[in-house]
Amino acid sequence: MAASDPQLCREPGQRPRRPVCAVCTKPLRVCLCGRLRGPPLDTAVGVTVLQHPTEAQHPLSSVRVARLGLRNLAVAQVADVAHRASFLLTTNIGLGGGETENAEAGAAIGEAWTVETMDKCSIAYTEKQLMIDIERGVGANAKIRWPSRCSPLAKLAVSNGFTVTKTQNNKPRRSTGDQASPSPELQHEFSIAIPPHSALLFPCQRATAIDAASDHQVLVKHLIVLDGTWAKAHRMYHENPWLQLVPHVKVEADGVSLYGEVRHEPKAGCLSTIESIVVAMKELGEDEAELDRVLAVFESMIADQRRCKDENCKP
């Protein structure tokens with residue numbers, strides 16, 4: 001017997017860990033990988049999912065199905081703002097060009113930048129870059145008051161695409177004794193490339209119904225989707241104010257979410273992340289039958305949960 005065998009090294013009374021699929025992260029006995037009939041769907045419309053870290057660990061997270069079924073999909077982890085956070089947005093037209101002043105999120109602002117200060121937030125911008133600095137609690141504000149001079153920058157970012165980088169400015173630990181107060185701890189969280197003509201799929205008051213987007217001169221070639229509980233999604237929205245620069249679209253749900261009784265939804269008409277993506281893509285002209293094939297995998301995952309609930313077992 002090998003002493004390193006995990007079955008032998010567990011504590012007395014500890015149950016053995018169930019083997020987990022390395023791809024879909026579900027237990028092997030309910031692995032989803034073989035349920036997708038055919039290769040991942042290669043859609044013209046891409047998707048960037050901003051996922052709250054707690055949702056990534058949830059056993060019923062629908063994004064694992066989106067990863068399996070959609071080839072043109074990227075997922076980025078987006079944490080809550082613990083103390084302060086800085087965002088640097090650079091339009092693609094300015095990347096690598098000598099006209100764009102080099103900067104990093106959280107760095108000092110040069111003379112070429114215009115600075116505007118608000119409650120719990122400040123913004124600084126040039127013709128091709130935008131820097132946002134926020135404090136925890138900025139979500140209490142309805143939205144940031146963007147100066148009208150930022151409008152050309154927003155249009156440039158949406159039409160050409162942009163990269164956004166987030167840096168967390170964590171609260172410094174208290175000094176002890178004669179030690180000097182430490183500086184805030186800077187932690188790079190993400191750098192995300194947002195393609196041209198991206199829109200945020202989010203059901204808020206300013207959102208346009210996705211089937212009427214073209215009537216409002218909104219061209220949607222890429223979707224940004226927030227993944228988390230509704231409370232977490234709203235917090236992510238407010239704590240990532242750069243999202244306000246892109247067009248907002250929403251879907252109208254006709255039926256009830258497949259989550260049903262296995263996961264609480266705050267009100268009727270709320271959909272899971274994968275369901276929202278599928279409905280939106282159908283409205284944008286993607287193959288409905290192929291999208292239903294992806295959704296069938298999600299439905300089978302929910303069926304596993306219902307069966308285990310009835311049998312009082314763990315999926």
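Computed from a predicted structure; not experimentally measured.
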Nearest heavy atoms of [X] and [Y], plus distance in Å:
{"X": "Asn92", "Y": "Asn160", "result": "ND2-O, 3.0 Å"}
{"X": "Lys250", "Y": "Ala207", "result": "CE-O, 3.6 Å"}
{"X": "Arg136", "Y": "Lys120", "result": "O-NZ, 3.8 Å"}
{"X": "Glu55", "Y": "Thr229", "result": "OE1-N, 3.9 Å"}
{"X": "Glu286", "Y": "Val45", "result": "OE2-N, 2.9 Å"}
{"X": "Gln168", "Y": "Ala85", "result": "OE1-CB, 4.3 Å"}

Where do Phe162 and Leu153 land on the side chain to side chain contact (heavy atoms under 4.5 Å, CB included) test, with the steps shown first? CA-CA 11 Å; Phe162 59 92; Leu153 172 63; over 6 Å; no

Counting N and O atoms only, with roles assigned by atom type, does the side chain of [X] sit under 3.5 Å from a partner on the main chain of [Y], one being a donor and the other an acceptor?
{"X": "Arg37", "Y": "Arg293", "result": "no"}
{"X": "His216", "Y": "Val218", "result": "no"}
{"X": "Ser198", "Y": "Pro195", "result": "yes"}
{"X": "Glu290", "Y": "Leu41", "result": "no"}
{"X": "Thr208", "Y": "Ala213", "result": "no"}
{"X": "Arg35", "Y": "Ala296", "result": "no"}
{"X": "Ser62", "Y": "Ile274", "result": "yes"}

Can you find a heavy atom in the side chain of [X] that is under 4.5 Å from one in the side chain of [Y]?
{"X": "Arg71", "Y": "Pro39", "value": "yes"}
{"X": "Pro247", "Y": "Val158", "value": "yes"}
{"X": "Leu36", "Y": "Val294", "value": "yes"}

Roughly how far, to the nearest 0.5 Å, is [atom2] of [Y] from [atom1] of [X]?
{"X": "Leu89", "Y": "Ile192", "atom1": "CG", "atom2": "CD1", "answer": "11.0 Å"}
{"X": "Lys26", "Y": "Cys21", "atom1": "NZ", "atom2": "SG", "answer": "11.0 Å"}
{"X": "Tyr125", "Y": "Thr114", "atom1": "OH", "atom2": "OG1", "answer": "4.5 Å"}
{"X": "Leu156", "Y": "Leu245", "atom1": "CG", "atom2": "CG", "answer": "11.5 Å"}
{"X": "Asp133", "Y": "Ser86", "atom1": "CG", "atom2": "OG", "answer": "4.0 Å"}
{"X": "Leu73", "Y": "Leu68", "atom1": "CG", "atom2": "CG", "answer": "10.5 Å"}

Any chance you could lay out the side chain to side chain contact (heavy atoms under 4.5 Å, CB included) test for Leu201 and Ser276, step after step, and finish with the verdict? CA-CA 8 Å; Leu201 182 61; Ser276 298; 4.1 Å; yes

One thing to verify: whether Asp80 and Lys232 come together as a salt bridge, which I'm taking to mean a side-chain N less than 4.0 angstrom from a carboxylate O. yes

Single hit among Ile224, Leu200, Asp211, Val220 for side-chain contact (heavy atoms from CB on, under 4.5 Å) with Val249: Val220

Please determine which of Asn240, Thr273, Leu243, Val78 meets the side-chain contact (heavy atoms from CB on, under 4.5 Å) test together with Leu226. Leu243

side-chain hydrogen bond (donor to acceptor under 3.5 Å, both in side chains) for Glu275 and Ser272? Distances and angles first, verdict last. CA-CA 5 Å; Glu275 289 171 302; Ser272 67; 2.8 Å; yes

Does [X] share a hydrophobic cluster with [Y], counting links as ILVMFWY side-chain heavy atoms below 4.5 Å and allowing steps through other members?
{"X": "Val49", "Y": "Val23", "result": "yes"}
{"X": "Met118", "Y": "Trp242", "result": "yes"}
{"X": "Leu223", "Y": "Leu219", "result": "no"}
{"X": "Leu28", "Y": "Leu60", "result": "no"}

Ring-plane angle category for Phe190 and Phe87, please: parallel below 30°, perpendicular beyond 60°, tilted otherwise. tilted

Candidate pair Met301 and Val30, rule side chain to side chain contact (heavy atoms under 4.5 Å, CB included), full reasoning: CA-CA 8 Å; Met301 182 181 77; Val30 288; over 6 Å; no

